[in-house]
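So the structure is just underneath, and the comments pick up after that.
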Amino acid sequence: MTKPRVLVARKVFPEVVERLRAHFEVEDNADDTIHPREQLLARLQGKSGALITGSERIDAALLDACPQLRAVCNMAVGYNNIDVAACSARKVMATNTPGVLTETTADLGFALMMAAARRITEGERYLRAGRWDRWSYDMFVAPDVHGSTLGILGMGRIGQAIARRGALGFGMKVLYHNRSRLEPALEAPLGARWVDKGTLLRESDHLVLVLPYSGETHHTIGAAELALMKRGATLTNIARGGLVDEEALARALRSGSLAAAGLDVFEGEPKVNPALLALDNVALTPHIGSASLATRRAMADLAADNLIAALGFGPQAGRPPSLLNPEVLG
Ligand code: GLV
């Protein structure tokens with residue numbers, strides 16, 4: 001029997017590619033070339049499935065041009081690069097990698113929030129530039145993290161994991177806003193309180209964004225929202241760059257109305273808005289929320305499990321573990 005053909009769009013762990021070869025004829029990308037759209041379309045021809053990352057955009061036009069495609073399996077929890085409705089309309093399974101990256105991403109979010117609040121990267125740049133020549137009582141003074149109010153916009157798995165760090169490790173008061181409220185049993189151990197978005201913006205000392213990005217959440221934080229935030233508050237974004245109007249953010253940081261920002265994600269990444277690069281009070285990381293070796297391996301394995309199951313192999317044949325569009329089944 002000939003094996004179905006699949007594409008592994010970016011370089012991933014060789015062991016994971018080998019697992020896929022047990023079931024599929026695999027075209028991989030050991031050089032990790034980022035293929036422009038036309039080349040991606042060409043590489044997808046005749047493929048039944050693809051293991052993709054956030055750098056591959058899967059939309060209706062692409063699906064129409066690749067009629068053999070039955071499954072697109074993202075190696076990421078966020079899936080704004082996939083038009084899931086377009087997949088469902090064509091009976092293409094779409095999957096992501098929830099759960100396995102929660103704690104690692106929460107670690108990075110918390111670290112970035114602390115780096116922004118305590119001016120860690122700003123201090124390091126100052127030191128490396130040879131500008132540190134004395135102690136002074138107000139050098140790099142900053143807002144406290146412990147005991148302050150942590151605001152979380154988007155209280156899914158990662159939001160809750162950040163809330164645990166803040167409440168249990170740093171004695172922070174936790175406020176959150178989410179479409180739906182958590183069960184009281186989840187709120188109680190953290191002392192977490194659901195508030196409307198305006199209250200969250202007004203009362204948080206350190207606001208962290210962990211909500212999914214879509215057309216509806218585009219620029220969830222713009223000039224009007226930033227104007228509601230406390231003077232001297234910080235904003236951390238580990239979700240998607242498009243959640244924040246970066247020009248408005250740069251203005252708020254420049255004026256000092258916002259003390260600092262911690263950003264792991266950017267609207268035009270890997271390009272970073274020059275207005276942000278020009279500011280000292282921003283801690284910047286290159287979209288590394290889930291980047292621990294163990295977590296990246298778990299994400300690759302889950303994406304591979306999804307692909308294997310979606311194309312009818314393995315113990316979960318026909319039922320990928322993290323299917324985003326179960327309506328395609330049956
Ligand atoms: C990373 O940004 C992810 O969505 O997993």
Side-chain angles (χ1 to χ4, degrees), residues 8-13 16 32 34 50-59 71-84 87 93-113 115 152-162 165 178-179 208-221 235-244 246 261-273 276 283-307 320-325:
V8 177
R10 296 289 308 279
K11 183 174 181 178
V12 295
F13 298 87
V16 176
D32 208 22
I34 304 218
L51 194 157
I52 59 165
T53 69
S55 46
E56 287 74 49
R57 188 163 49 83
I58 305 295
D59 55 22
V72 285
C73 301
N74 219 22
M75 186 179 147
V77 66
Y79 52 90
N80 54 296
N81 56 317
I82 304 178
D83 182 338
V84 177
C87 288
M93 292 189 194
T95 67
N96 67 340
T97 56
V100 292
L101 47 61
T102 302
E103 299 299 330
T104 299
T105 307
D107 284 348
L108 191 279
F110 208 84
L112 202 49
M113 182 267 282
I152 299 183
L153 189 55
M155 197 63 155
R157 294 180 188 83
I158 300 170
Q160 290 172 49
I162 292 173
R165 283 157 178 74
N178 200 43
R179 268 175 311 190
V208 184
L209 308 183
V210 210
L211 68 166
Y213 179 62
S214 67
E216 279 163 41
T217 58
H218 179 72
H219 287 189
T220 282
I221 301 292
L235 175 73
T236 295
N237 186 8
I238 57 165
R240 287 292 181 270
L243 293 169
V244 177
E246 291 177 345
L263 304 174
D264 187 46
V265 288
F266 305 89
E267 265 200 288
E269 64 185 54
K271 291 205 177 72
V272 178
N273 189 323
L276 293 171
L284 305 165
T285 48
H287 202 150
I288 54 170
S290 63
S292 77
L293 187 59
T295 290
R296 284 284 165 83
R297 177 61 196 263
M299 291 165 69
D301 274 325
L302 179 51
D305 290 344
N306 278 317
L307 185 54
S322 31
L323 184 59
L324 291 164
N325 52 353

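Read the numbers this way: they start at 1 and go in the same order the structure lists the ligands and their atoms. Any value given below was found using the heavy atoms of this structure, including those in side chains, with hydrogens, waters and symmetry copies removed. Since the model is a prediction, treat every value here as computed from it, not as a measurement.
The proximity of L101 to ligand 1, defined as any non-hydrogen pair under 4.0 Å, is limited to the side chain.
Here's the thing with A239: none of its N/O atoms is less than 3.5 angstrom from an N/O atom of ligand 1.
For ligand 1 and A76, the ligand atoms under 4.0 Å from any heavy atom of the residue are 3 (C), 4 (O), 5 (O). Listed by number with element, the atoms of ligand 1 under 4.0 Å from a non-hydrogen atom of R240 are 1 (C), 2 (O), 3 (C), 4 (O).
Residue H287 places a heavy atom less than 4.0 Å from ligand 1.
Legend: residues meeting ring-ring contact (aromatic ring centres under 6.0 Å, His included) with F110, ordered by chain and number and at least two apart, are F170. Residues satisfying the side-chain hydrogen bond (donor to acceptor under 3.5 Å, both in side chains) test with R296, not counting sequence neighbours, are S290.
Between the side chains of N74 and N81, a donor-acceptor pair is found at a separation under 3.5 Å.
Scanning the protein for heavy atoms near atom 5 (O) of ligand 1, the closest one is V77 N, 2.7 Å.
The pair D107-R165 counts as a salt bridge, with a side-chain nitrogen and a carboxylate oxygen less than 4.0 angstrom apart.
Residues T97 and C73 fail the side-chain proximity criterion, which asks for heavy atoms closer than 4.5 Å.
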